[in-house]
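Below is one structure, written out as structure tokens; the observations come after it.
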Protein chains: 2
Amino acid sequence: MLKLTRKVEYALIALRHMQNKEPDAISSTKEISEMYDIPLELLAKTLQLMARGGIVNAVQGPTGGYKIKAKLENINMIEFFEKIEGPLGLMDCYFDSDCTLISACNIRSPIKKINDNMRSMFENMTVGEITQ
Amino acid sequence: MLKLTRKVEYALIALRHMQNKEPDAISSTKEISEMYDIPLELLAKTLQLMARGGIVNAVQGPTGGYKIKAKLENINMIEFFEKIEGPLGLMDCYFDSDCTLISACNIRSPIKKINDNMRSMFENMTVGEITQ
DNA sequence: TGTTAATCCGATCAAATTGGTCGTATAAAT
DNA sequence: ATTTATACGACCAATTTGATCGGATTAACA
Ligand code: FES
Ligand code: FES
């Protein structure tokens, strides 16, 4: 409960890795995968998600790889999580209203309170400050 | 990712239900289960966990059930979550150090930052203020 | 005192989510 | 052309969570 997924962890590792290099240096999936002992395919997927989300640039072909594209200080953690894992909410009833409890539920507004607090906490946290 | 479990939801529902009654009124598992359409056995387990954790009192026998024991304003959400779901951490490496990434991981301290922020947020939130 | 209705508890099964793999297509450097 | 790497979808495995079952224990009440 309330755990981050591996994909998020791998994404952060990769970003931090790239941040410690020259701004335009390219890091291949393989390089990162080996250095941190991460399954290559899964890391590849994660990097692709970040590329699609405009966080990194993909460079194809041999000598290819990824480099950071966005200003990491401008990306808050909610955006980051959602690019990688999709919509974020403590309970399904926030993005998917077929919650069977919905009719009788007496804690929708309480849960909303917790949810809002959590979101605003992550909104005030940028990827840049986490990985730097 | 970052979701609450059903058990936590059921626990909150039950507490809120009891809070709307006379202080010493007893609510049976069945009563709550039917009113909110919650699987009886699972709700029972959850109530048992709360009883063991000193949050509610169990009254056995026919006409038995549960009533609130603790001052809900004195229980913070971390304590609450941990009574019901056990140790809480964004990554396993916090309570269980056999994380295979541990040797090479470059984001332990970043993750720790997020984790600490989240914990302190939940520590400053009491069950009482959520369910009231 | 026997019956009944409730909690208690562990074991176990099912469903959902997450983690990881595979095969193939595509792009680019040499 | 060949090689090396990303791109991408389909797929399988492992873990976690959700739910169920069977039986033991407790206490109210006829
Ligand atoms: S139905 Fe979503 S919190 Fe109860
Ligand atoms: S090993 Fe725990 S955050 Fe990387």
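Letters A, B, ... mirror the listed sequences (proteins, then strands); counts begin at 1.
B/Met50 and B/Val59 fall into different hydrophobic clusters, where Ile, Leu, Val, Met, Phe, Trp and Tyr are joined by side-chain heavy atoms under 4.5 Å apart, directly or via other members. Following chains of ILVMFWY side-chain contacts shorter than 4.5 Å, one cannot reach B/Leu42 starting from B/Leu40, and the two form parts of different hydrophobic clusters. One hydrophobic cluster holds both A/Ile130 and B/Met121 under the rule that ILVMFWY side chains link at heavy-atom gaps under 4.5 Å.
Closest to the side chain of A/Gln48, out of D/dA7, C/dT7, D/dA19, is D/dA7. The side chain of B/Glu41 lies closest to D/dT20 when the candidates are D/dT6, D/dA19, D/dT20. Side-chain proximity of A/Ser28 to the nucleotides D/dA27, D/dT20, D/dA5 is greatest for D/dA5. Checked against D/dC21, C/dG19, D/dA7, the side chain of A/Thr5 finds its nearest nucleotide in C/dG19. Of the candidates D/dT20, C/dT21, C/dT7, the closest approach to any side-chain atom of B/Leu42 belongs to D/dT20. Nearest nucleotide to the A/Pro62 side chain, out of C/dC9, C/dT7, C/dA27: C/dA27. The side chain of A/Tyr10 sits closest to C/dG20 out of D/dA19, C/dG20, D/dA7. Here the nucleotide nearest the side chain of B/Arg52, chosen from C/dA28, D/dA19, C/dC9, is C/dC9. Nearest nucleotide to the side chain of B/Lys45, out of D/dT26, D/dA7, C/dA11: C/dA11.
Checking A/Gln19 against A/Thr131 by side-chain atom types alone, a donor-acceptor pair falls below 3.5 Å.
When heavy atoms are screened at a 4.0 angstrom cut-off, A/Ala44 is found touching no nucleic acid atom at all.
Although no hydrogens or angles enter the test, the distance criterion places no donor-acceptor pair under 3.5 Å between the side chain of A/Thr126 and the main chain of A/Ile75.
Between A/Tyr66 and the phosphate of D/dA5, there is no side-chain N or O to OP1/OP2 separation shorter than 4.0 Å.
Judged as a salt bridge (Lys or Arg N to Asp or Glu O under 4.0 Å), the pairs with a partner in residues 23-36 of chain B (not counting sequence neighbours) are, in order, B/Lys21-B/Glu31, B/Asp24-B/Lys67.
Place A/Thr63 and B/Leu40 on DNA chain C by their nearest nucleotides, and B/Leu40 ends up nearer the 5' end.
Where the helix from C/dT1-D/dA30 to C/dT30-D/dA1 starts and where it ends, the local axes point in directions that differ by 0°; five pairs per end, rounded to 10°.
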